[in-house]
Number of protein chains: 2
Amino acid sequence: MNFKKVPLTAIRRLSIYARMLAGLEADGKQQVSSRDLGETASIPSTQVRKDLAYFGQFGKRGSGYSVKELGFRLRKILGIDRAWNVALVGAGNLGRALFSYPGFSKQGFRIVAVFDNSPGKVNKSWKGTRIQSIKELSKTVREKNISIGIVAVPASGAQEVADEMCKAGIKAVLNFAPKRLKVPTGCMQANVDLAIELENFSYYLSKLR
Amino acid sequence: MNFKKVPLTAIRRLSIYARMLAGLEADGKQQVSSRDLGETASIPSTQVRKDLAYFGQFGKRGSGYSVKELGFRLRKILGIDRAWNVALVGAGNLGRALFSYPGFSKQGFRIVAVFDNSPGKVNKSWKGTRIQSIKELSKTVREKNISIGIVAVPASGAQEVADEMCKAGIKAVLNFAPKRLKVPTGCMQANVDLAIELENFSYYLSKLR
DNA sequence: TAGATTGTTAATCGATTAACAATC
DNA sequence: TAGATTGTTAATCGATTAACAATC
């Protein structure tokens, strides 16, 4: 399959193109060239064409790409032509922020279940979504056809939560705890490690002087 | 300088090693090998040694690295041997979560100022930190010696905030808005784009069937 | 010493960029 | 047609991994 051969970085750029195309479509633009697409993100046109070439031929020589058509195809490739159900574990400050984050629902990622362990939080509701005990995770994942999990608990509990998720059949885990998780092969994980981002900065800032 | 030649990915791994060393030190471990260091994060020992080699020779052939010594040196290299002052712009849900995020202060990143534009928020206080109008950004950055900025506002206002930050002398911008920012050369930016992470997932999930 | 592990050079791998024929 | 822009092959670049002499 071509699956394994597409670099992850290319997929990330595809997301950028898709977002840009949505904007162009809203502006009523009909055609766009690989040069235009790359320009605002400082991506060479040749990189844009290469990224697209992993998935097919979408353009017309001489005139570029149809904004509408390419947007449609990219959304399809990225799987954002449909909705995905998401489970959020951790109803603290971060969980709350993620729950209300407008960027998720806009792309069809729906947080349909929220979990926490603290007795003070369980059975409270956020905008009509009841906070459930983690014990209910497995059942709910099946019932609500959830395929993505977000870990927004402290580092100490993160691995346990991830284990539960994978056992319940979740195939992709977005982790905010500052700790790399072990997940079974076939389960995908992405880590948003805020401390590492800031440490990158402090490295750079230290070098400045 | 060796500055330009060190890959960014190597710096990120350095953060991982530093974190691991802190754990080992807490456990009372004295020595550690490159193999041990890489193991839990699935990084080959040869990669670990290569990463360290960008900055010097820290080990003893035959016995490995002193946990204490290497930890100290890495913290120094990463610039986390001292505190950094941070400005947070955007006092919404996300801003609130970042403000309370324990991982920041633990590493010496101190959010010493919070800004927002909404009249309903300005002059309110979070744990003793007054929310200021963005108009005060420049002045406060100078007064409080702030070198890092966090953008936690919606996409529509993000560029404007980043401009203000860079003009005020901030040299590193962590951006949570789903939008790549333009910053002057010499200013560093990192983007935490949650939508792109999830779109990666949906790509992967779509391919699974 | 013998065993272990470093630091570094060389080989490999993969991704980015350049070049250009194809063609709208 | 002439100008523009694609899709793709080849060249370049940079990072990862393997190998191994140095040495504790």
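Per chain, numbering begins at 1; letters A, B, ... match sequence-line order. Atom set for the values below is all heavy atoms of this structure, side chains included, hydrogens, waters and symmetry mates excluded.
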Return a table of donor-acceptor pairs under 3.5 angstrom between the side chains of residues 165-178 of chain B and protein atoms on other chains or two or more places apart.
residue, atom, partner, partner atom, Å
B:Asn175, OD1, B:Ala177, N, 2.9
B:Asn175, ND2, B:Ala177, O, 3.2
B:Asn175, ND2, B:Lys179, O, 2.8
B:Asn175, ND2, B:Asn191, OD1, 2.7

Nucleotide C:dG14, atom P - distance to OH of A:Tyr54 in whole Å: 11 Å

What parts of residues 25-52 of chain B reach DNA chain D, counting only heavy atoms under 4.0 Å away? B:Pro44, B:Thr46, B:Gln47, B:Arg49, B:Lys50

Between B:Arg73 and B:Glu69, is there a salt bridge with N-O shorter than 4.0 Å? yes

For the helix from C:dG3-D:dC24 to C:dC24-D:dG3, measure the angle between the helix axis at one end and the axis at the other, each built from five pairs, rounding to 10°. 10°

Ion pair present between B:Glu199 and A:Arg12, side-chain N to carboxylate O less than 4.0 angstrom? no

Can you tell me if A:Lys182 uses its side chain to pair, donor with acceptor, with the backbone of A:Gln159 under 3.5 Å? no

A:Glu160 atom CD: more than 12 heavy-atom contacts under 6.0 Å: no

Residue list, side chain to side chain contact (heavy atoms under 4.5 Å, CB included) with B:Ser100, at least two apart or on another chain: A:Asn93, B:Arg96, B:Lys127

Determine, stepwise, if the pair B:Gln30 / B:Ser66 fulfils side chain to side chain donor-acceptor pair (under 3.5 Å). CA-CA 6 Å; B:Gln30 308 266 321; B:Ser66 151; over 6 Å; no

Write out a two-atom table: protein N or O, nucleotide N or O from nucleotides 22-24 of chain C, distance below 3.5 Å.
residue, atom, partner, partner atom, Å
C:dA22, N3, A:Arg61, NH1, 2.8
C:dC24, O4', A:Arg61, O, 3.2
C:dC24, O2, A:Arg61, O, 3.3

Plane angle bin for B:Phe55 and A:Tyr203 - parallel if under 30°, tilted between 30 and 60°, otherwise perpendicular: perpendicular

Would you say A:Ser147 and A:Trp84 make side-chain contact, with heavy atoms under 4.5 Å? yes

Contact check, residues 64-75 of chain A vs DNA chain D, heavy-atom distance under 4.0 Å, returns A:Gly64, A:Tyr65

Apply ring-ring contact (aromatic ring centres under 6.0 Å, His included) to residues B:Tyr101 and B:Phe104 and explain how you reach the verdict. CA-CA 6 Å; B:Tyr101 185 64; B:Phe104 288 158; 4.9 Å; yes

Please state how far atom CD1 in B:Ile11 lies from atom P in D:dA15, giving the value in whole angstrom units. 11 Å

Evaluate the side-chain proximity of B:Leu198 to A:Ile80: yes if any heavy-atom separation is below 4.5 Å, no if none is. no

How close or far is atom C1' of D:dT8 from atom CZ of A:Phe58, stated in whole angstroms? 15 Å

Answer yes or no: is there an ion pair linking B:Asp51 with B:Arg13, defined by an N-O contact shorter than 4.0 Å? yes

Residue A:Phe72 excluded, over 12 heavy atoms near CZ under 6.0 Å: no

